[in-house]
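Before any comments, here is the structure.
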There are 2 protein chains.
Amino acid sequence: MIYGAEDIFRDFLQGKDLKFTHERITVLREISRLKRHFDIEELYITLRKKDRKVSRASVYRTVPLLVESGLVEEIKTIDTHTYYEYTFGKEHHDHLICLKCGKIIEFHSEKLEHIQDEVCRKEDFSGVRHVLEIQGYCKKCG
Amino acid sequence: MIYGAEDIFRDFLQGKDLKFTHERITVLREISRLKRHFDIEELYITLRKKDRKVSRASVYRTVPLLVESGLVEEIKTIDTHTYYEYTFGKEHHDHLICLKCGKIIEFHSEKLEHIQDEVCRKEDFSGVRHVLEIQGYCKKCG
DNA sequence: TCTTATATTGAGATTGTGTCTCAATATCAA
DNA sequence: TTGATATTGAGACACAATCTCAATATAAGA
C-alpha cells in the first residue's frame with residue numbers, strides 16, 4: 001500500500017484531533033498539482049477558477065497546517081511576499097535568490113545540514129526546520 | 001578619525017546620489033540606540049513618543065536603505081512579521097528561533113559561511129547576503 | 001445507521017503592514 | 001546664492017491575513 005501525501009496529512013490531522021475535511025483535501029490536491037512556488041492568494045484564485053468551493057479563509061487556514069505537517073515549506077523572499085512550495089517527495093533543499101531577476105535556484109548540501117545539526121546540539125536546541133536563503137546575483141544578472 | 005555608522009551611511013547615500021537628510025540620520029540614530037530586534041512600526045512609534053519628527057513614510061523608506069547599506073539586517077520569522085536588527089560593529093550571525101516562546105538565539109559558524117561560499121561558486125552565483133534561521137524548540141521549551 | 005460533541009466552514013468585516021501621491025521643502029554642487 | 005533634483009509628510013490607498021459567528025460537517029460511539 002502506497003503511503004502518500006494525503007495519508008500523511010490525515011495522520012497529522014488525527015494526531016491533533018483535527019478533521020480531515022473536503023476543503024483541506026482540495027487544498028492539498030491543488031498544491032500538489034502546482035509545479036512552481038506559489039502564494040496563498042494565487043492558490044485561492046486558482047481554486048475559484050476551477051470552481052472548487054473553498055473559501056479564502058479556509059485556504060489561508062489550511063496552508064499553515066500543511067507547513068506544520070511537513071508537506072509544504074515556506075520560502076521568504078527579499079520583498080514582503082511569502083511563497084510556499086510543495087515538498088512532498090522532494091529532497092530538502094535551500095534557495096539562492098537573484099535580487100535582480102527574482103530567479104530561484106535550488107541547492108542541497110549535506111555538509112550544510114550537518115553543521116546545522118552541530119549548532120543545534122551545541123546550543124541545546126531542538127531544530128525542527130530551517131530556512132536558508134542566499135541572496136545575490138545569478139550568472140545572467142551578475 | 002573614527003569611522004562610524006553615520007559615515008558609512010553618508011558614503012552609501014552619496015554613492016547613490018541620495019541625500020543625507022535629518023530624517024535619515026534620526027532614524028539611524030534611533031536604531032543604533034535600540035538593543036533588541038525591532039520592527040518598523042515599533043521604531044516609528046518610538047520616534048513619535050520622543051517627539052522626533054519623522055513621518056511613517058520616511059521611516060519605512062529609510063530602513064530598506066539601511067539594509068542595503070549593510071548597517072541593518074532583516075530577520076524573517078515564522079509569522080508574517082518582519083524584524084530588523086542593527087548590525088554595525090557586530091559580527092555576522094544567524095538565528096535559532098524557538099517556535100514556542102519566540103526566543104532568539106544568535107550563533108555564528110565560520111564553517112557554515114565557508115560552505116555557503118562554496119555553493120555560490122558552484123552555482124555561478126554572486127552572493128550578497130544570506131538568511132539562515134533554524135526553527136525549533138529551545139532548552140526550556142524542549 | 002443514528003446521535004452527539006466538537007471542529008470547521010464561509011461571507012464579509014476588520015486589522016495591520018506597507019506603499020503611493022503630490023505639493024511643499026531641503027539638499028548640495030556649482 | 002541659485003537651481004536642479006531628491007525628499008518629505010499627511011493621508012489615501014492597496015493588499016495580505018485574520019477574525020466573527022451562525023450554519024454545517026466530521027468522526028466516534030451507541
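Below, chain A is the first sequence line, B the second, and so on; all start at residue 1.
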Exercise for review: Please lay out, stage by stage, how A/T87 and A/L71 fare under the test side-chain contact (heavy atoms from CB on, under 4.5 Å).
Suggested key: CA-CA 6 Å; A/T87 49; A/L71 293 168; 5.7 Å; no
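- Within the structure, a side-chain polar atom (N or O) of A/T21 is placed less than 4.0 Å from OP1 or OP2 of C/dT9.
- For B/A57, taking side-chain heavy atoms from C-beta onward, the closest of the listed nucleotides C/dC20, D/dA6, C/dT9 is C/dC20.
- Of the N and O atoms on the side chains of B/E73 and B/Y86, not one donor lies less than 3.5 Å from an acceptor on the other residue.
- Between A/T82 and D/dA16 there is no side-chain polar atom (N or O) within less than 4.0 angstrom of OP1 or OP2.
- For the pair A/E23 CD and D/dA25 C1', the interatomic distance rounds to 8 Å; values are reported in whole Å.
- In this structure, CZ of A/R48 is placed 10 Å from P of C/dG12, rounded to the nearest angstrom.
- Put simply, B/Y60 has no side-chain N or O that comes within less than 4.0 Å of OP1 or OP2 on C/dT19.
- Residues B/H22 and B/E41 each lie close to DNA chain C; by heavy-atom proximity, the contact nearer the 5' end of the strand is made by B/E41.
- Salt bridge absent: B/E23 and B/R52 never bring a charged side-chain N and a carboxylate O closer than 4.0 Å.
- Contact check on A/K111 versus B/E118 returns a salt bridge, with a Lys/Arg side-chain nitrogen under 4.0 Å from an Asp/Glu carboxylate oxygen.
- Residue A/L18 places its side chain closer to C/dA7 than to any other of D/dA10, C/dA7, D/dA6.
- The ring pair (Phe, Tyr, Trp, His ring centres under 6.0 Å) pairs that include a residue from residues 118-142 of chain B are B/H92-B/H130, where partners are two or more places apart or lie in different chains.
- To the nearest angstrom, P of D/dA25 lies 15 Å from CD1 of A/I25.
- Atom P of nucleotide C/dT8 and atom NZ of A/K16 are separated by 11 Å, given to the nearest angstrom.
- Note on the helix from C/dT1-D/dA30 to C/dA30-D/dT1: terminal axis deviation equals 50°, with five pairs used at each end and the result rounded to 10°.
- The listed nucleotides are C/dG18, C/dG10, D/dA6; the one nearest the side chain of B/R56 is C/dG18.
- Residues A/E41 and A/R56 are paired through a salt bridge, judged by an N-O separation under 4.0 Å between the basic side chain and the carboxylate.
- When the nearest nucleotides of DNA chain D are assigned to B/D17 and B/V59 by heavy-atom distance, the more 5′-ward of the two goes with B/D17.
- Dashed line: the shortest gap from a side-chain N or O of A/S58 to OP1 or OP2 of C/dG10 is under 4.0 Å.
- Judged by distance alone, the side chains of A/H93 and A/E85 do bring a donor and an acceptor atom under 3.5 Å apart.
- Contact annotation: B/R24 reaches the phosphate of D/dT7 (side-chain N/O to OP1 or OP2, under 4.0 Å).
- Across C/dC28, C/dA11, C/dT21, the shortest atom-to-atom separation from the side chain of B/K19 is found for C/dC28.
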